[in-house]
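Here's the structure we're looking at; comments come further down.
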Amino acid sequence: MFPSVRVKVRNLDPCQQYYVAMDVNPVDSKRYRYVYHSSQWMVAGNTDHSCISPRLYVHPDSPCAGETWMRQVISFDRVKLTNNEMDDKGHIILQSMHKYKPRVHIIQHNPHMDLSQIQSLPASGVHSFSFPETEFTTVTAYQNQQITKLKIDRNPFAKGFRDPGRNRGVLDGLLESYPWRGPLSLDFKPFALQLQGTDGFTSSL
């Protein structure tokens with residue numbers, strides 16, 4: 001998945017063990033098409049997402065102490081997406097020409113459960129965050145050749161497509177003009193608040 005989702009976490013219990021995970025949810029139940037003459041996405045009909053079971057990607061550093069998670073930018077740069085509904089490699093399955101939004105989950109470690117291979121979110125001890133900035137539309141082919149070239153040049157998983165002699169001036173200019181963001185922030189209020197009956201969790205940018 002490129003660009004990758006990157007987050008920073010604050011105000012975790014430094015001594016508590018946590019898993020960090022991500023899944024990708026449909027924004028709506030619509031299928032879209034790209035309209036060339038107006039350069040925009042339009043609704044092309046309804047769809048049914050129930051035929052695809054949502055998959056959860058557990059960050060490979062999990063479980064880890066809150067202190068460790070808070071010291072680093074948590075990057076989901078190894079998440080792999082596919083439109084193959086028969087995939088057996090654990091990739092996140094999405095339908096082409098649909099809108100999706102990733103969710104990041106902070107899961108408190110339960111010593112009685114092995115969460116490293118979990119297929120779905122536990123019923124408790126989970127706090128989830130999503131950000132409108134991460135919404136995207138899935139495609140199997142880009143409609144704009146400059147975007148294709150940009151991703152070949154910048155995607156670390158596309159090394160085999162690169163031409164080292166290519167003039168990258170136009171692509172660099174496009175990249176600099178794009179509003180790239182730093183890591184998103186998951187802001188946890190002091191842990192003690194949770195013991196007083198509130199969830200104590202907020203998200204901020």
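Residues Ile107 and Ala21 come closest through the heavy atom pair CD1-CB, 4.2 Å. When every heavy atom of Val24 is checked against every heavy atom of Tyr100, the shortest pair comes out as CG1-CB, 3.5 Å. In this structure, Leu81 and Met1 approach most closely via the heavy-atom pair CD1-CG, 4.0 Å. Taking each heavy atom of Arg103 and Asn25 in turn, the nearest pair found is NE-ND2, 2.8 Å. The two residues Leu12 and Gly66 come nearest to each other via the heavy atoms CD1-CA, 3.8 Å. A pairwise comparison of heavy atoms in Gln16 and Gln108 identifies NE2-CB, 4.0 Å as the closest pair.
Residues Val139 and Met97 meet the side-chain proximity criterion, which asks for heavy atoms closer than 4.5 Å. A 4.5 Å side-chain heavy-atom check between Asn46 and Lys30 finds at least one atom pair inside the cut-off. Using a 4.5 Å heavy-atom threshold, the side chains of Tyr19 and Leu56 count as separate. Residues Val7 and Met22 form no side-chain contact, since every pair of their non-hydrogen atoms from C-beta on lies 4.5 Å or further apart. Lys99 places a side-chain heavy atom less than 4.5 Å from the side chain of Tyr32. For the pair Ser96/Thr140, a side-chain contact is recorded, criterion being any heavy-atom separation below 4.5 Å from C-beta on. Pro122 places none of its side-chain heavy atoms less than 4.5 Å from the side chain of Asn110. Here the side chains of Asp61 and Gln72 are in contact, with some heavy-atom distance below 4.5 Å.
A distance of 12.0 Å separates CZ of Arg6 from CD1 of Ile74, quoted to the nearest 0.5 Å. With rounding to the nearest 0.5 Å, the separation of NE2 in His105 from OG in Ser128 is 4.5 Å. Put simply, CZ on Arg33 and OG1 on Thr137 are 14.0 Å apart, with the number rounded to the nearest 0.5 Å. The CD atom of Glu85 lies 10.5 Å from the OG atom of Ser53; values are rounded to the nearest 0.5 Å. The distance from atom CE of Met42 to atom CZ of Arg31, rounded to the nearest 0.5 Å, is 13.5 Å. For the atom pair Ile92 CD1 and Ile52 CD1, the distance stands at 12.0 Å (nearest 0.5 Å).
In this structure, the ring of Tyr34 has its center less than 6.0 angstrom from the ring center of Tyr36.
In this structure, His49 contributes its side chain and Asp28 its backbone to a donor-acceptor pair below 3.5 Å.
Hydrophobic cluster membership differs between Val5 and Ile93, with clusters built from Ile, Leu, Val, Met, Phe, Trp and Tyr side chains linked at under 4.5 angstrom.
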- [ ] Kindly determine whether Tyr18 and Val9 satisfy side chain to side chain contact (heavy atoms under 4.5 Å, CB included), including the steps that lead there.
- [x] CA-CA 11 Å; Tyr18 298 91; Val9 185; over 6 Å; no

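Using bins of under 30°, 30° to 60° and over 60° for the plane-to-plane angle, the ring pair His59/Trp69 lands in the perpendicular bin.
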